[in-house]
Amino acid sequence: MREMGEIVKAKVFQTTDTVGLARWLIGKHLVRERAPGEREARMITEVEAYHSESDLACHARAGRTKRTDVLYAAGGVWYVYLCYGIHELLNIVAGPEGEPAAILIRGVEGISGPGRVTKRLAIGRDLNRAAATAESGLWIEDRGVIVPENEISATPRIGVDYAGPVWSQKPWRFVVKPR
DNA sequence: TACTCGATCGGA
DNA sequence: CCGATCGAGTAA
């Protein structure tokens with residue numbers, strides 16, 4: 001019985017190709033270990049890429065601030081923030097140090113919606129800036145799943161109309177088509 | 001210090 | 001369609 005996959009290393013997240021990385025994350029597994037032995041792994045089914053200060057949908061559009069500082073870290077750490085005062089949304093920071101980028105985990109197998117993913121897996125802001133490794137209890141594994149190209153849609157990102165037509169329409173959301 | 005507005009969700 | 005709920009960002 002093969003339970004374990006290969007933990008995706010920080011280096012992988014440090015590419016400058018945030019959109020390509022987001023696409024690549026589809027089919028990988030988000031693994032949560034809340035306590036020793038209590039492990040839950042779910043395949044990632046929906047993501048969105050946010051890249052650079054010029055991307056008006058990205059939180060880094062306002063530059064480096066207390067909240068966005070983590071986006072400038074080298075890829076491979078988590079960015080968890082409070083949205084609408086209610087929901088905590090999970091991102092994996094991407095790119096080399098100094099280049100702000102992140103990928104929002106919008107959905108995993110069996111759970112749709114970024115606010116629900118964090119609620120169901122008990123992910124909160126305490127994980128902000130934590131590394132995506134076994135130590136933090138939250139990481140990403142490659143378990144060898146191949147999602148066929150024709151089963152993945154690229155669409156505009158959700159809920160970012162404020163960014164204007166140019167940025168809100170970029171097809172930087174990747175989602176596994178429903179069965 | 002005051003004010004605005006969200007990378008959402010559930011209920012009417 | 002609307003209200004919840006709160007902190008970051010901005011202006012003053």
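Letters go in sequence order (proteins before strands), and every chain restarts at 1. Because the structure is predicted, anything quoted here is derived from the model rather than measured.
- Under the rule for a ring-ring contact (aromatic ring centres under 6.0 Å, His included), the partners of Y81(A) that lie at least two apart in sequence or sit in another chain are H59(A), Y79(A).
- Side-chain contact between W167(A) and W172(A) is present, with at least one heavy-atom pair separated by less than 4.5 Å.
- With sequence neighbours excluded, the residues satisfying side chain to side chain donor-acceptor pair (under 3.5 Å) with R42(A) are E40(A).
- Residue pairs meeting the salt bridge (Lys or Arg N to Asp or Glu O under 4.0 Å) criterion with at least one partner in residues 153-176 of chain A, sequence neighbours excluded, are E46(A)-R173(A), D55(A)-R157(A).
- Take A60(A) and apply the side-chain contact (heavy atoms from CB on, under 4.5 Å) test, not counting sequence neighbours, and it matches E53(A), C58(A), L71(A), Y72(A), P100(A).
- Where DNA chain C meets chain A (any atom under 4.0 Å from a heavy atom), the bounding nucleotides read 5' to 3' are dA4(C) to dT10(C).
- In terms of the side-chain contact (heavy atoms from CB on, under 4.5 Å) criterion, P178(A) has no residue partners (sequence neighbours excluded).
- Under the side chain to side chain donor-acceptor pair (under 3.5 Å) criterion, Q14(A) pairs with no residue, sequence neighbours left out.
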When Watson-Crick pairs (N1 to N3 and N6-O4 or O6-N4) and G-U wobble pairs (N1-O2 and O6-N3) count only below 3.5 Å on both distances, what is the dot-bracket string of DNA chain B, with | for other-strand pairs?
||||||.||||.
Counting primed atoms plus P, OP1 and OP2 as sugar-phosphate and everything else as base, spell out the protein contacts along nucleotides 2-12 of chain B at 4.0 Å heavy-atom distance: B, S or - for each nucleotide, 5' to 3'.
----BBBSS--
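- A search for side chain to side chain donor-acceptor pair (under 3.5 Å) contacts involving T65(A) returns T68(A), not counting sequence neighbours.
- If you take atom P in dA12(B) and the same atom in dT5(C), they sit 15 Å apart, rounded to whole Å.
- When the side chain to side chain donor-acceptor pair (under 3.5 Å) test is applied to D69(A), the partners found at least two apart in sequence or on another chain are R64(A), R129(A).
- Side-chain heavy-atom separations under 4.5 angstrom define the hydrophobic clusters, and the remaining members of the one that includes V31(A) are I7(A), W139(A).
- Using a 4.0 Å heavy-atom cutoff across all strands shown, R173(A) reaches no nucleic acid atom at all.
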